[in-house]
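To start, the structure itself, in structure tokens.
Lettering of chains follows the sequences in order, A, B, ..., and the numbering in each one begins at 1. Since this is a predicted model, take the numbers as computed values, not measurements.
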Number of protein chains: 2
Amino acid sequence: MGGEPELILVVDDEPQLLRFLGPALTSHGYRVLTAATAAEGELLALSHRPDAMLLDLGLPDRDGLEVVAALRAWADFPIIVVSARGKEDDKVAALEAGANDYLTKPFGTRELIARIRVALRNRPGTAPAPTRYAFGRIALDLETRAVTRGGEAVHLTPNEFRLLLVLARNAGKVLTHNQLLKEVWGPGSAQQHHYLRVYMNQLRHKLEEDPARPRHLQTELGVGYRLVEDPA
Amino acid sequence: MGGEPELILVVDDEPQLLRFLGPALTSHGYRVLTAATAAEGELLALSHRPDAMLLDLGLPDRDGLEVVAALRAWADFPIIVVSARGKEDDKVAALEAGANDYLTKPFGTRELIARIRVALRNRPGTAPAPTRYAFGRIALDLETRAVTRGGEAVHLTPNEFRLLLVLARNAGKVLTHNQLLKEVWGPGSAQQHHYLRVYMNQLRHKLEEDPARPRHLQTELGVGYRLVEDPA
DNA sequence: CCGGATCTTGACGCCATCCTGACGACCGTC
DNA sequence: GACGGTCGTCAGGATGGCGTCAAGATCCGG
């Protein structure tokens, strides 16, 4: 990631806790901003757009749940609620109001740091494409480029693998002949439907129990092909 | 939203807990998938791509942390860890390994539901345009090219599918013979009204309860055909 | 430069789909 | 009541897409 260090806004009215949390967070590489009241916290959140917020529910000037709801109206950063009250009703209410996590005092620093990291990790903008797929007894791993059928390794040629991969990434959907050709053989290969017939045939022989009656690699006549988990 | 209910995969070896969690989750509108071992859980996760996973750390066949790490290698859905051990070290280790949340047994159902909702709410972008139509018991999905009648799959030939699609896109409206012919068979097929009679007949036999008294695929005498949701 | 793996291309039989024709049902008109 | 028109129904023959096999052509590493 390597960019700016993340900014954490801590809103709590206990100076004791702040003196304790500040160093803990900075020592883990975060920048810290503090506020002692809800009003000040909202103001700082608005002006500094922190990457995450630590919010004590027991603030003097305003009800904690209201603060969460008010923030959630516009803020998209994670809000981790901290409270001395540990009843289930309190937790549910805060989470429903929009909090991302709920910690009951007292809590350990390391757990707090871990939960902050989880919250930051889950921010939008990080959608890793899956690197593994499975369809019945067929499994496929992108990183190792390994394909197995019922646990046993199956060797696929490059073109076979690409074809299977395109189908897997769009599992369930029908892909037209030209879509598949473009993805596997590159543009300019349209109308070469014969490739597909040959390679689908090879895939079926390597992956299907009964290549003549494919379970997963289905033909959509006149349209294209599709890979399904289970033959409806 | 508004599509399929979310699928939750619950991996736990205590039947007692499963019997307790299953109804709790389904009653909140989730679909539930269960597994009793890590191996089974990973397989189901791979093949069914749940929207979230509930994972007990104390599984018999494999260390819980390993399972979390292995899943995180490819899975992008939230993993909520459940454990009887509540020590800070355990929590930190699980969260660092990739878990999204950590609940200590015993926990309340409402808190669990609330935390699941938080996890689902935070998922990265999920809004593929649902290209679907429904008319009574007849449903039609453009992406998968699947047509169902009362839930059961119905196979349509390319021409049948195109004809149904044109009618569905103009649901309620009457389409003239020539309009339909042009859309399905291309221009230059005008006056070939016999095509329509044959194919409408086939569609009715595949989709209507009583093909002789069509509910949805209506004839407009001397004009054309129309697809309606409900026979006024 | 050789050998094996992979890709391409051709040929052929089969089968789903499509087209076409024949016939009956229904309705309005003369 | 005969007639013409439109529509629904059925089935057989034609067509084209698909699966299948195998023989070159090509690529690549040793």
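For the pair B:K206 and B:E160, the salt-bridge criterion is met [side-chain N within less than 4.0 Å of a carboxylate O]. Under a 4.0 Å N-O distance rule, the pair B:R117/A:E96 qualifies as a salt bridge. Taking 4.0 Å as the cut-off between side-chain N and carboxylate O, B:E42 and B:R62 count as a salt-bridged pair. Ion pairing of A:R137 with A:E209 is present here, as a side-chain N (NZ or NE/NH1/NH2) and a carboxylate O approach within less than 4.0 Å. Between A:D210 and A:R204, no side-chain nitrogen of the basic residue sits less than 4.0 Å from a carboxylate oxygen of the acidic one, so the salt-bridge criterion is not met.
No hydrogens or angles were tested; on distance alone, nothing pairs the side chain of A:H193 with the base of D:dG17 as donor and acceptor under 3.5 Å.
Using a 4.0 Å heavy-atom criterion, one finds that B:F161 contacts no nucleic acid atom at all.
Each of A:H205 and A:H177 lies near DNA chain D, and the nucleotide nearest A:H177 is the one positioned closer to the 5' end.
Straight-line distance from the CE atom of B:M200 to the P atom of C:dC19: 16 Å, rounded to whole Å. The nearest whole Å value for the distance from the CZ atom in A:R213 to the P atom in D:dT20 is 11 Å. If you measure from atom CG of A:N159 to atom P of D:dC28, you get 12 Å, rounded to the nearest angstrom. Rounded to a whole Å, the CD atom of A:E160 is 10 Å from the C1' atom of C:dC7. Per the geometry, NE2 belonging to A:H155 stands 15 Å off P belonging to C:dG4, to the nearest Å. Per the geometry, CG belonging to A:L196 stands 13 Å off C1' belonging to D:dG17, to the nearest Å. Distance OH (B:Y195) to P (D:dG8): 18 Å, rounded to an integer number of Å. Protein atom CD of B:Q218 is 15 Å distant from nucleotide atom C1' of D:dC7, rounded to whole Å.
Among the nucleotides C:dG10, D:dG19, C:dC19, the one closest to the side chain of A:R197 is D:dG19. Side-chain proximity of A:V198 to the nucleotides C:dT9, C:dC18, C:dG21 is greatest for C:dT9. The side chain of B:L221 lies closest to D:dT6 when the candidates are D:dT6, D:dT20, C:dG21. Taking every side-chain heavy atom of A:R204 into account, D:dG19 is the closest of C:dC19, C:dT17, D:dG19. With distances taken from any side-chain atom of A:Y225 to the nucleotides C:dT6, C:dC19, D:dC18, the minimum falls on D:dC18. Comparing D:dG19, C:dT8, C:dG21 by their nearest atom to the side chain of A:Y199 picks out C:dT8.
The phosphate of D:dG8 has neither OP1 nor OP2 within less than 4.0 Å of any side-chain N or O from B:N201. In this structure, A:T157 does not reach the C:dA5 phosphate: none of its side-chain N or O atoms is under 4.0 Å from OP1 or OP2. A close approach under 4.0 Å does not occur between any side-chain nitrogen or oxygen of B:H194 and OP1 or OP2 of D:dG8. For C:dC7, the OP1/OP2 oxygens have no side-chain nitrogen or oxygen of A:W185 closer than 4.0 Å.
Using the six-membered ring where Trp is involved, A:Y133 and A:F135 have ring planes that are parallel, under 30° apart on the 30 and 60° scheme.
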